[in-house]
2 protein chains.
Amino acid sequence: MVTKKQGKNVLTDEYRYKILKELQQDPEISQRELARRLGVSLGKTNFCLNALIEKGLVKADNFKKNPNKTRYLYLLTPKGIEEKITLTQHFLQRKLKEHEELAKEIERLREEIKP
Amino acid sequence: MVTKKQGKNVLTDEYRYKILKELQQDPEISQRELARRLGVSLGKTNFCLNALIEKGLVKADNFKKNPNKTRYLYLLTPKGIEEKITLTQHFLQRKLKEHEELAKEIERLREEIKP
DNA sequence: ATATCATCGTTCACCAATTGAACGGTGTAG
DNA sequence: CTACACCGTTCAATTGGTGAACGATGATAT
């Protein structure tokens, strides 16, 4: 559960959003599986996830019996749920803009090919 | 005019396309200006450009008087022109796909926000 | 002619980001 | 008990990207 070491530009809005989303729909997910879904390394995933925990957006509960080690349930905290909603809205706005830009780019490319 | 050092994943299709496009429409461009237009560093631009030269897609002619140093005209070779056409088509295909994917992603985000 | 200045391409030490093999802990099956 | 599978964590090593610094050149002023 250690953090430190590694810049702060690692946990972008995009990863924050994606991780919160994945955890919300499957809190039993492992870090390896999460890494696979995000398309990044285990190390980076571990770092980002712990950053979210540190920020209080995610709580890592132990499960499987009562003991207190290995294997977590990654649950969004109320603050995490709120943050995820905000991020989703921002993300949508960004994607809309990108979509528009892409349309322009495509028009440009078609123009370029035509003559 | 040296290359080496620096991975091969640096010169992506995207940069190949963009560089060829910029050079085609302005062969007198400097590496600094090219870097600015691509939104990357001078170092990376220099590397990519030399890679294109090495591949025979671009020829760096000297200009300004007859001497043979500093300041080049970056001209696309016939092979470079051909390559640029191909890249443009691929690029267009890719952008169309991305555009579609984005539309889906946006739909997903809207769905996510609505309820 | 000489000095100054702007700009060029090139280089490379430095930093940030990313990776995945390795490790020790834990649940499970035989 | 042993063996195995999977977990989260760590961190040495690699890679990617940067921009200040350098020497060379053309233009301009003195």
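Computed from a prediction, not measured in an experiment: that's the story for all the values here.
Rounded to an integer number of Å, the gap from A:Asn62 CG to D:dC7 C1' is 12 Å. Per the geometry, CD belonging to B:Glu28 stands 15 Å off P belonging to D:dG26, to the nearest Å. For the pair B:Glu33 CD and C:dG9 C1', the computed distance is 15 Å after rounding to whole Å. Per the geometry, NZ belonging to B:Lys44 stands 13 Å off P belonging to D:dG19, to the nearest Å. At whole-Å resolution of the value, OH in B:Tyr15 and P in D:dG16 are 13 Å apart. Between the CD1 atom of A:Ile29 and the P atom of D:dC6 there is a distance of 15 Å, rounded to whole Å. In this structure, A:Leu34 places its CG atom 12 Å from P of D:dC7, rounding to the nearest Å. Following rounding to the nearest Å, A:Leu49 (CG) and D:dT9 (P) show an atom-to-atom distance of 8 Å.
Of all nucleotides listed (C:dT18, D:dG17, D:dT9), C:dT18 comes nearest to the side chain of A:Val10. For B:Ser41, the side-chain atoms get nearest to D:dT18 when compared with the rest of D:dT18, C:dA17, D:dC7. Taking the side chain of A:Asn46 as heavy atoms from C-beta on, and the options D:dG8, C:dT19, D:dG17, the nearest nucleotide is D:dG8. Listed nucleotides D:dG19, D:dG17, C:dA17 differ in distance to B:Leu42; the shortest reach to its side chain belongs to D:dG19.
Side chains of A:Gln31 and A:Thr45: no donor on one and acceptor on the other come within 3.5 Å.
Between the side chain of A:Arg32 and the base of D:dG8, a donor-acceptor pair under 3.5 Å is found.
An OP1 or OP2 oxygen of D:dC7 is reached within less than 4.0 angstrom by no side-chain nitrogen or oxygen of A:Gln31. Contact between the side-chain N/O atoms of A:Ser30 and the OP1/OP2 oxygens of D:dC7 is found at a separation under 4.0 Å. Neither OP1 nor OP2 of D:dT15 sits under 4.0 Å from any side-chain N or O of B:Asn9.
Side chains of A:Arg108 and A:Glu105 form a contact here, defined as non-hydrogen atoms less than 4.5 Å apart. At least one side-chain heavy atom of B:Val58 sits under 4.5 Å from a side-chain heavy atom of B:Leu20. Residues A:Leu49 and A:Leu23 have side chains in contact (heavy-atom distance under 4.5 Å, counting atoms from C-beta outward).
Other residues, nucleotides and ligands contribute only 12 or fewer heavy atoms inside 6.0 Å of the CD atom of B:Glu82.
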